[in-house]
There are 2 protein chains.
Amino acid sequence: MTRSISILGATGSVGASTLDLIRSERETWRVVALTANCSTEELAKLAMEFEAEIAVVGDESCLGGLRDALAGSGIEAAGGAQALRDAAARPVDLTVAAIVGCAGLAPTMAAIEQGGTIALANKEALVSAGDVMTAAVARHGATLLPVDSEHNAIFQCLQGNAVEDVRWITLTASGGPFRTWTREKLDTATPGQAVAHPNWDMGAKISVDSATMMNKGLEFIEAYYLFPVGLDRLRIIVHPQSIIHSMVEYRDGSTLAQLGPSDMKVPIASCLAWPKRMDTPCEPLDLPTIGSLTFETPDETRFPATRLAREVAHAGGGAPAVLNAANEVAVASFLAGHLPFTRIAVVVEETLNRYSPSAPSGLGDVLAVDREAREQALQLMEHA
Amino acid sequence: MTRSISILGATGSVGASTLDLIRSERETWRVVALTANCSTEELAKLAMEFEAEIAVVGDESCLGGLRDALAGSGIEAAGGAQALRDAAARPVDLTVAAIVGCAGLAPTMAAIEQGGTIALANKEALVSAGDVMTAAVARHGATLLPVDSEHNAIFQCLQGNAVEDVRWITLTASGGPFRTWTREKLDTATPGQAVAHPNWDMGAKISVDSATMMNKGLEFIEAYYLFPVGLDRLRIIVHPQSIIHSMVEYRDGSTLAQLGPSDMKVPIASCLAWPKRMDTPCEPLDLPTIGSLTFETPDETRFPATRLAREVAHAGGGAPAVLNAANEVAVASFLAGHLPFTRIAVVVEETLNRYSPSAPSGLGDVLAVDREAREQALQLMEHA
């Protein structure tokens with residue numbers, strides 16, 4: 001049986017892995033929409049290979065290039081924010097929401113409003129617009145499948161079980177490249193050191209988030225919205241090998257864990273085939289060769305990000321959006337060489353102290369909070 | 001909603017843990033039959049506490065004592081093999097089959113023939129009578145819930161998944177108290193050293209089986225009958241901490257593992273509440289305090305038992321019953337100080353070489369194979 005799919009963010013890393021998996025089961029899938037920000041050549045090439053109905057660029061100024069690249073293919077081309085939302089609203093069996101950052105919010109919401117199944121790889125969407133998004137999911141009867149390896153692990157460990165029976169959800173964290181660094185040494189950390197992640201090959205922003213542990217903080221907030229067990233049943237442990245991707249402990253004392261390689265194809269395949277399974281080219285798990293899995297309690301003195309995330313989840317309302325926005329601005333400043341590593345969390349915390357917006361009631365409010373928080377964080381850094 | 005339960009082997013360790021859990025949810029359960037071999041005082045006390053319909057001793061000569069102990073309670077008393085089978089055949093929602101050894105075979109089969117749900121803690125039953133038992137389960141539409149911690153872990157990791165999607169089932173083994181001993185030192189191992197198991201508090205026979213790794217061999221055969229994935233998808237790894245109780249790897253590269261304390265209450269509670277969960281008094285899993293989980297490939301030169309088990313599962317027919325019987329006789333001889341530790345596996349292998357019965361077609365055949373294999377193993381040891 002053929003299944004239809006749209007991929008929002010087809011030229012990014014999650015998009016590429018998704019299309020690789022679809023390539024291996026080409027006859028199973030009918031591709032409806034593929035989108036990118038402005039990579040017109042690549043997008044056109046993918047749209048033609050997968051015989052998509054429509055290709056969309058988010059940046060309207062790139063539409064001309066996309067039209068040229070698709071000339072004669074019979075594939076529709078469109079551009080701009082409204083075109084993205086329209087493409088995301090085309091009915092499909094599965095939408096992969098993989099646009100990075102707040103740009104992905106509106107098209108993801110458009111897909112949710114169709115009441116379909118959404119494989120969600122856009123972390124910021126759930127962090128910034130958690131209440132708005134989960135309310136829309138409930139209202140429209142949509143299904144969210146988490147793509148993030150940790151949340152996908154939790155989702156798998158919850159299958160066939162009731163949320164009421166959960167004693168603990170434990171997110172694992174690699175601890176990042178500075179796990180063993182002293183507070184003093186952290187002050188000297190450079191962007192080059194921060195982006196050298198031990199286990200995952202990732203972009204610069206998320207690598208810095210991994211080094212500050214803010215990545216785990218954002219995932220903690222995500223987990224809070226995805227799995228309604230309450231904040232006092234959610235915790236983080238450091239597991240440097242990143243083999244156990246996360247765990248769920250039940251009230252009988254059973255803990256279920258999902259383990260696997262550090263390869264996004266595993267959770268993506270789990271979403272594509274859900275509730276079944278599909279083949280991936282990933283190597284089998286070889287624990288005797290790995291030898292040892294270790295675990296530590298997070299140190300929130302050296303890495304305050306997870307504490308901030310917990311506080312923000314507790315506060316709710318606009319606070320998670322403020323944390324996410326301030327963090328993006330601070331990380332950009334660190335990557336540009338303007339902010340010391342240990343100041344990233346300080347900027348986030350100070351922005352949270354200065355700016356406490358009321359709870360966003362819709363997407364427009366979320367985007368307004370996001371803009372204002374960026375502004376406040378920038379001002380803070382200028383006056384520091 | 002009240003559920004009815006019978007416990008075959010109520011005075012053993014699994015029986016006691018089961019009754020402890022029932023005690024904590026007393027209003028949920030109606031106890032039908034409790035059985036023991038001959039512990040009349042204890043059995044009568046339990047039958048009165050739990051208001052059982054009937055108490056049965058397997059050893060008919062103990063029936064008088066049981067009648068005396070139950071006098072005036074209004075609880076039926078019965079004794080002997082046929083009485084055990086009759087009690088096991090009383091319809092209940094759940095039968096806990098926890099009689100140790102071949103004595104448990106007939107009553108377990110009687111429960112299976114009622115088509116109910118059986119929490120199976122009798123390892124020997126499935127090893128010796130695997131084909132006969134799984135055929136009866138299929139014929140009568142019964143459901144087997146494995147109580148052994150490893151098989152219960154696998155059962156939990158398979159929930160909501162299809163057996164066809166399994167790439168590997170991995171049984172974990174502690175490696176036993178002699179895991180790091182040389183071949184030469186193993187020759188000198190005493191019964192006292194063998195029964196000092198690092199992680200579990202168990203009886204003498206199963207402790208020796210853990211030391212020889214025959215316990216894992218028997219569990220391998222059990223897993224082969226319980227989870228029809230085929231021998232080439234079943235493997236054993238050594239995991240000295242016994243925190244991960246077993247794992248299932250799927251074809252997408254996801255591995256699900258069940259972790260928990262070394263406490264039989266966890267898998268028993270999982271069976272009692274299945275497909276839901278119930279509380280146990282077990283401590284939450286604290287991986288940062290545990291610190292490290294390690295893994296090794298089994299060494300089948302020093303510990304040939306798992307190789308023998310795999311060969312026996314491959315051979316099928318009466319071979320697993322021969323292995324189980326020969327092992328029981330050899331372990332008894334080792335515990336009595338008459339057989340060196342490293343000869344246990346040799347006696348098992350030589351018995352398997354000498355005696356290749358045709359496939360048992362029913363319970364009577366299985367018991368006959370069991371008797372003959374014991375005889376052969378005894379002869380072997382006498383003439384050694």
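Numbered from 1 within each chain, the chains take letters A, B, ... in sequence-line order. Hydrogens, waters and symmetry mates are skipped; everything else that's a heavy atom, side chains included, is used.
Nearest heavy atom pair, residue Thr280(A) against residue Gly253(B), reads OG1-N, 4.1 Å. Closest of all the heavy-atom pairs between Ser254(A) and Gln156(B) is OG-NE2, 3.0 Å. Annotation for Glu249(A) and Glu283(B): closest pair OE2-O, 4.5 Å, computed over non-hydrogen atoms.
Contact count against chain A (heavy-atom pairs under 4.5 Å) is highest for Leu285(B) among Ile237(B), Leu285(B), Thr297(B), Asp286(B). Per-residue counts of heavy-atom pairs under 4.5 Å with chain A were compared for Gln159(B), Glu164(B), Glu296(B); the largest is that of Glu296(B). In terms of heavy-atom pairs under 4.5 Å with chain A, the best-connected choice from Asn161(B), Leu287(B), Thr289(B), Ile268(B) is Leu287(B). Per-residue heavy-atom pair counts under 4.5 Å with chain B were compared for Ala153(A), Gly260(A), Ala269(A), Ala257(A), and the maximum is reached by Ala257(A). With chain B as the partner, the residue from Ser292(A), Ala162(A), Pro288(A) showing the most heavy-atom pairs under 4.5 Å is Pro288(A). Among Asp279(A), Asp165(A), Thr170(A), Ile290(A), the residue with the largest count of heavy-atom pairs under 4.5 Å with chain B is Asp279(A). Interface remark: of the candidates Ile244(A), Asp252(A), Thr294(A), Asp252(A) forms the most heavy-atom pairs closer than 4.5 Å to chain B.
In this structure, chain B has a heavy atom under 4.5 Å from the backbone of Pro275(A), while its side chain stays farther away.
At most 12 non-hydrogen atoms from other residues, nucleotides or ligands lie less than 6.0 angstrom from CZ of Arg30(A).
From Leu259(A), atom CG reaches atom CG of Leu259(B) across 7.5 Å, with rounding to the nearest 0.5 Å.
The side chain to side chain contact (heavy atoms under 4.5 Å, CB included) test with Tyr250(A) is passed by exactly one of Arg277(B), Met278(B), Lys276(B): Arg277(B).
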